Amino acid sequence: MNLILLGPPGAGKGTQAKILEQAHGFKQLSTGDMLRAAREAGTEIGLKAKAIMDRGDLVSDDVVLAIVAERLKKPDVAKGVVFDGFPRTPAQAESLDKMLKASGSKLDAVIEMKVNDEALVKRITGRYTCAKCGAGYHDEFAKPNKVGICDKCGGNEFTRRPDDNEKTVRDRLQVYNKQTAPLVEYYRGQGNLHVIDGMADIGQVTAAMEAVLAQLKA
Ligand code: ADP
Ligand code: ADP
Ligand code: ZN
């Protein structure tokens with residue numbers, strides 16, 4: 001099963017992709033995480049992407065598509081992929097259709113997560129991540145059971161993204177509305193679009209996702 005989680009920054013794509021990965025054995029494919037890994041590793045692509053990401057613009061289609069094509073060659077995607085933060089432009093969406101077709105696969109569903117702008121700003125400015133295992137948390141909405149200790153791995157170091165500040169988030173929302181929102185109509189036209197309420201709490205959003213998956217299997 002190949003799914004796309006489509007939604008603005010802070011919609012909950014990463015949170016839900018990790019839950020679906022655990023529950024179904026799909027692989028989360030986050031182009032944001034992959035670009036951040038390239039930055040950390042200091043590769044040429046990573047260094048070029050840094051300035052673009054820090055100001056909230058999109059990295060070029062050719063760079064992103066090359067990373068995704070490489071990732072889809074690994075055998076661990078056989079059970080399916082949850083695309084998180086990809087595609088973000090019509091050109092990326094068209095290329096993804098071609099890549100999946102070429103490998104004898106296809107897209108099963110696109111789940112659009114709707115969240116209002118003020119909630120997104122709150123989610124993004126309170127977001128932090130375990131430095132050791134990557135588990136995601138929020139200052140208010142998704143605290144670890146024990147303050148300062150990661151539920152998943154017991155780690156006690158956390159990181160915040162440099163682009164997770166109010167100014168950059170507002171810029172990223174504009175970029176989303178202009179460059180990525182047109183994909184909603186693209187996928188509606190393909191008959192693949194499912195819209196869910198992303199304002200609900202994390203468990204309720206997961207339940208709505210599971211309802212879509214059940215509908216696909218039926
Ligand atoms: P995205 O990957 O779409 O940018 P994340 O999954 O990282 O979004 O979520 C952004 C922040 O909001 C995180 O700190 C996360 O813990 C929190 N969050 C995710 N889903 C919800 C939800 N349904 N309600 C409240 N907070 C949420
Ligand atoms: P969020 O889910 O919070 O929007 P991501 O981690 O998906 O953030 O992306 C962080 C940044 O990485 C984006 O603002 C953009 O600069 C870059 N990026 C990630 N995915 C893509 C993509 N598919 N196309 C272009 N740029 C991307
Ligand atoms: Zn951890």
Side-chain angles (χ1 to χ4, degrees), residues 4-20 28-39 45-46 48-68 82-93 95-96 111-115 119-144 148-165 168-169 171-176 179-180 183 196-209:
I4 292 173
L5 302 188
L6 183 62
K13 304 180 298 294
T15 300
Q16 297 297 331
K18 288 190 174 71
I19 294 171
L20 292 173
Q28 174 188 14
L29 192 160
S30 159
T31 43
D33 284 350
M34 290 158 84
L35 289 165
R36 278 185 290 279
R39 280 172 69 151
I45 284 180
K48 268 197 202 149
K50 183 180 185 321
I52 298 171
M53 293 170 79
D54 284 347
R55 65 170 188 268
D57 280 338
L58 295 187
V59 174
S60 69
D61 288 337
D62 54 341
V63 165
V64 171
L65 285 166
I67 292 180
V68 172
V82 184
F83 293 96
D84 159 13
F86 174 88
R88 265 174 150 99
T89 63
Q92 291 180 15
S95 294
L96 177 62
I111 303 180
E112 185 197 2
M113 307 171 71
K114 282 199 178 266
V115 178
L120 293 172
V121 172
K122 269 201 189 153
R123 286 188 189 180
I124 291 280
T125 52
R127 168 161 70 183
Y128 63 97
T129 306
C130 172
K132 202 166 151 196
C133 77
Y137 294 99
H138 190 280
D139 291 324
E140 208 179 318
F141 310 132
K143 296 182 191 171
I149 308 286
C150 175
D151 293 342
K152 304 265 152 59
C153 77
N156 60 1
E157 274 184 57
F158 299 89
T159 56
R160 289 180 195 260
R161 283 166 45 180
D163 56 339
D164 277 353
N165 58 75
T168 310
V169 172
D171 292 343
R172 282 156 62 199
L173 287 175
Q174 283 198 6
V175 168
Y176 180 83
Q179 304 197 56
T180 308
L183 298 186
I196 66 165
D197 175 17
M199 292 293 288
D201 67 34
I202 293 173
Q204 286 171 304
V205 175
T206 303
M209 301 252 168

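Order of listing sets the numbers, starting from 1, for every ligand and every atom in it. Every value quoted in this text rests on a predicted model; they were computed, and no experiment measured them.
Enclosure of atom NZ in Lys48 is not indicated, since only 12 or fewer non-hydrogen atoms of other residues, nucleotides or ligands lie within 6.0 angstrom.
With a 4.0 Å heavy-atom cut-off, ligand 2 is reached by the backbone of Val59 and by its side chain too. Contacts of Asp201 with ligand 1, taken as heavy-atom pairs under 4.0 Å, involve the backbone alone. At a heavy-atom distance under 4.0 Å, atoms from both the backbone and the side chain of Leu58 approach ligand 2. Neither the backbone nor the side chain of Val175 has any atom closer than 4.0 Å to an atom of ligand 2 (non-hydrogen atoms only).
Set against the non-hydrogen atoms of Met53, the atoms of ligand 2 under 4.0 Å away are 11 (C), 12 (O), 16 (O), 17 (C). Each of the following atoms of ligand 1 lies closer than 4.0 Å to a heavy atom of Phe141: 25 (C), 26 (N). Annotation for ligand 1: atoms under 4.0 Å from non-hydrogen atoms of Tyr137 are 13 (C), 14 (O), 16 (O). Close contacts of ligand 2 with Lys13, meaning ligand atoms under 4.0 Å from a residue heavy atom, involve 2 (O). For ligand 2 and Gln92, the ligand atoms under 4.0 Å from any heavy atom of the residue are 22 (C), 23 (N), 24 (N), 25 (C). For ligand 1, the atoms sitting less than 4.0 Å from at least one non-hydrogen atom of Gly14 are 1 (P), 2 (O), 6 (O), numbered in the order shown with element in parentheses. Those atoms of ligand 2 with a heavy atom of Arg36 less than 4.0 angstrom away are 6 (O), 10 (C). Taking a cut-off of under 4.0 Å to the non-hydrogen atoms of Gly85, the atoms of ligand 2 that pass are 20 (N), 21 (C), 22 (C), 23 (N). Close approach of ligand 2 to Arg127 is summarised as follows: ligand atoms under 4.0 Å from at least one heavy atom of the residue are 3 (O). The ligand atoms of ligand 2 that sit less than 4.0 angstrom from a heavy atom of Val64 are 22 (C), 23 (N), 24 (N), 25 (C).
The closest protein non-hydrogen atom to atom 6 (O) of ligand 1 is Thr15 OG1, 2.6 Å. Atom 21 (C) of ligand 1 has as its closest protein heavy atom Ile202 CG1, 3.4 Å.
Considering backbone and side-chain atoms alike, Asp164 places every N or O at 3.5 Å or more from each N or O of ligand 2. Residue Ala142 places no N or O, backbone or side chain, under 3.5 Å from any N or O of ligand 1. The N/O atoms of Asp57, backbone and side chain alike, include one that comes under 3.5 Å of an N/O atom in ligand 2. Remark: ligand 2 and Ser30 share no N or O pair separated by less than 3.5 Å (distance only, no angle test). Inclusion of Ala200 in the set of residues having an N or O under 3.5 Å from an N or O of ligand 1 is warranted.
Close to ligand 2: Arg161, with a non-hydrogen atom less than 4.0 angstrom away. In this structure, Ala11 has a heavy atom closer than 4.0 Å to ligand 1.
Distances under 2.8 Å from the Zn ion (ligand 3) pick out the protein N/O/S atoms Cys130 SG, Cys133 SG, Cys150 SG, Cys153 SG.
Between Phe86 and Phe83, the ring-plane angle classifies as tilted under the 30° and 60° cut-offs.
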